[in-house]
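Reviewing the structure listed below.
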Amino acid sequence: MSGPRRAAKLPVRFFERPADMVARELVGLVIVSAAGGRRALGRIVETEAYLGYDDPASHGYRHRRHAQNEALYGPPGSWYVYRSYGVHWCANLVCHAAGGGSAVLLRAVEPLSGFDIMRQRRGGIEDRYLCAGPGRLCQALGITRAGLDGRLMAQSPVTVLRPDGWDGAVDVTPRIGITKATDWPLRFAAAGSPWVSRWSVSSPRGATRVRSRG
DNA sequence: GCGCCGATTGGCT
DNA sequence: GCCAATCGGCGCC
């Protein structure tokens, strides 16, 4: 039940870049939640980039703005948490330029510690499904709008750290569950990870594999 | 004003 | 594989 040996905080400038670049580099990093006074920790294994006003699948498409997505236009490195299908919470990190409406959706996490609280929050489901999906990981980590939405990551109960010692390959595929821009290669997943939300994603050209860094 | 739909999930007609 | 849950935004009349 131990986390990474050493981990560094992410500077705000990490998020001051295009969402696809941020999304790719978030894979392999560690998310730490202290929400609800309980600690839970995991490795991010799947993300998706939403590019903002130019991206038909983005909540920020054509600068669309309303009460529920204000945080999407906040500063890079802040949380945008929205309700999906009126039921689930989904967590994004705002990136690129402030006001651009672009963000990275966290889609799956490999649980590392805090299994007790995660299992409790997820109703005793199999461990494989604890954080395998954007709504599931939010439930497991205790993420809701409260305390996160619109707040800088560093000033919230949930933060992302860069650990030493992870240099896995990352698969690039089309995004999941959307109806617009369905062929854009903006989903990033840790290659071979059993913790992602889906094992295979249909794509005309299939997944492209890249190195996460280096 | 009304009906439809979604960056999802879980249960089962 | 199909569908309900659940709700705010948006398209359309």
Side-chain angles (χ1 to χ4, degrees), chain A residues 15 18-24 26-27 31 42 44-74 76 78-96 100-109 111 118-146 148-150 158 160 170-190 194-203 207:
Chain A
F15 297 97
D20 54 336
M21 193 176 300
V22 175
R24 178 176 301 186
L26 279 172
V27 174
I31 184 167
I44 297 168
V45 294
E46 184 181 343
T47 63
E48 279 178 357
Y50 287 85
L51 303 185
Y53 61 86
D54 272 343
D55 179 354
S58 168
H59 291 176
Y61 183 48
R62 297 188 199 181
H63 297 95
R64 221 166 233 143
R65 199 159 184 151
H66 47 81
Q68 312 304 317
N69 75 351
E70 270 305 304
L72 188 52
Y73 298 94
S78 56
W79 289 106
Y80 163 48
V81 181
Y82 72 92
R83 193 117 67 168
S84 174
Y85 288 84
V87 182
H88 310 284
W89 297 107
C90 293
N92 296 250
L93 284 162
V94 175
C95 47
H96 204 34
S102 78
V104 174
L105 171 70
L106 304 183
R107 282 198 57 92
V109 163
M118 287 193 280
R119 287 171 182 145
Q120 183 181 319
R121 286 171 173 151
R122 294 278 296 127
I125 200 169
E126 284 177 57
D127 285 358
R128 187 246 170 286
Y129 298 108
L130 280 179
C131 303
R136 292 164 173 170
L137 74 88
C138 283
Q139 188 179 18
L141 296 176
I143 291 174
T144 68
R145 292 192 80 152
L148 264 80
D149 192 57
V158 183
V160 176
V170 175
D171 288 338
V172 186
T173 79
R175 293 173 292 188
I176 290 175
I178 56 170
T179 57
K180 308 285 185 185
T182 53
D183 57 342
W184 295 12
L186 294 175
R187 171 178 175 265
F188 303 89
W195 303 99
V196 297
S197 66
R198 312 240 179 123
W199 287 277
S200 65
V201 176
S202 60
S203 163

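Below, chain A is the first sequence line, B the second, and so on; all start at residue 1.
Within 4.0 Å of A:Leu105, counting heavy atoms only, lies at least one base atom of the nucleic acid. Residue A:Gln68 is in sugar-phosphate contact alone, with no base atom involved, counting any heavy-atom pair closer than 4.0 Å across all strands shown. Within 4.0 Å (heavy atoms only), A:His66 reaches sugar-phosphate atoms of the nucleic acid but no base atom. Nucleic acid contact for A:Arg107: sugar-phosphate only, since backbone atoms but no base atoms lie under 4.0 Å from a heavy atom of the residue.
Between A:Val22 and A:Cys95, some side-chain heavy-atom pair lies under the 4.5 Å cut-off. A:Thr47 is not listed as a side-chain neighbour of A:Arg187, based on a closest heavy-atom distance of 4.5 Å or more. Side-chain atoms of A:Glu48 and A:Val104, non-hydrogen and from C-beta on, never get closer than 4.5 Å to each other. Contact of the A:Pro134 side chain with the A:Leu105 side chain is registered, since non-hydrogen atoms from C-beta on lie closer than 4.5 Å.
Under a 3.5 Å cut-off, the side chain of A:Asp55 and the backbone N or O of A:Gly52 do not form any donor-acceptor pair. At distances below 3.5 Å, at least one donor-acceptor pair connects side-chain atoms of A:Arg122 with backbone N or O atoms of A:Tyr129.
With A:Tyr50 as the aromatic partner, A:Arg175 meets the cation-pi criteria of under 6.0 angstrom to the ring centre and within 45 degrees of the ring axis. Seen from the ring of A:Trp195, A:Arg128 does not count as a face-on cation partner, given the 6.0 Å and 45° thresholds.
Across A:Gln68, A:Arg145, A:Glu70, A:His59, a single residue satisfies side-chain hydrogen bond (donor to acceptor under 3.5 Å, both in side chains) together with A:Tyr80, and that is A:His59. Each of A:Leu130, A:Leu137, A:Val45 was scored for a side chain to side chain contact (heavy atoms under 4.5 Å, CB included) with A:Val109, with one residue passing: A:Leu137. Each of A:Val94, A:Asn92, A:Leu93, A:Asp149 was evaluated against A:Trp79; a single residue qualifies, A:Leu93, per the side chain to side chain contact (heavy atoms under 4.5 Å, CB included) test.
Annotation for A:Ile176 and A:Ser197: closest pair CD1-OG, 4.1 Å, computed over non-hydrogen atoms.
Using a 4.0 Å cut-off on heavy atoms, the residues of residues 123-141 of chain A that approach DNA chain B are A:Gly133, A:Pro134, A:Gly135, A:Arg136, listed by number. Taking a 4.0 Å limit (strictly below) on heavy-atom distances, residues 49-62 of chain A reaches DNA chain B at A:Tyr50, A:Ala57, A:His59.
B:dC4 and C:dC3 have their P atoms separated by 15 Å, given to the nearest Å. Distance check on atom P: B:dG10 versus C:dG8 gives 22 Å, rounded to whole Å.
Counting to the nearest Å, the C1' atom of B:dC5 and the OH atom of A:Tyr82 are 14 Å from each other. Rounded to whole Å, the distance from CG on A:Leu106 to C1' on B:dT8 is 15 Å. Counting to the nearest Å, the C1' atom of B:dG6 and the CD1 atom of A:Ile176 are 15 Å from each other. Rounded to an integer number of Å, the gap from CZ of A:Arg175 to C1' of B:dT8 is 16 Å. Taking atom OH of A:Tyr85 as the reference point, atom P of B:dG10 lies 14 Å away to the nearest angstrom.
Partners of A:Asp20 according to the salt bridge (Lys or Arg N to Asp or Glu O under 4.0 Å) rule, which considers only residues two or more places apart in sequence or in another chain, do not exist here. In this view, A:Asp127 and A:Arg119 satisfy the side-chain hydrogen bond (donor to acceptor under 3.5 Å, both in side chains) rule, not counting sequence neighbours.
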Taking Watson-Crick and G-U wobble contacts under 3.5 angstrom, with | marking pairs to another strand and [ ] crossing pairs, the secondary structure of DNA chain C is written |||||.||||||.
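In 5' to 3' order, the nucleotides of DNA chain C bounding all contacts with chain A (an atom under 4.0 Å from a heavy atom) are C:dA5 to C:dG11.
The shortest distance between the side-chain N/O atoms of A:Arg122 and the OP1/OP2 oxygens of B:dT9 is not below 4.0 Å.
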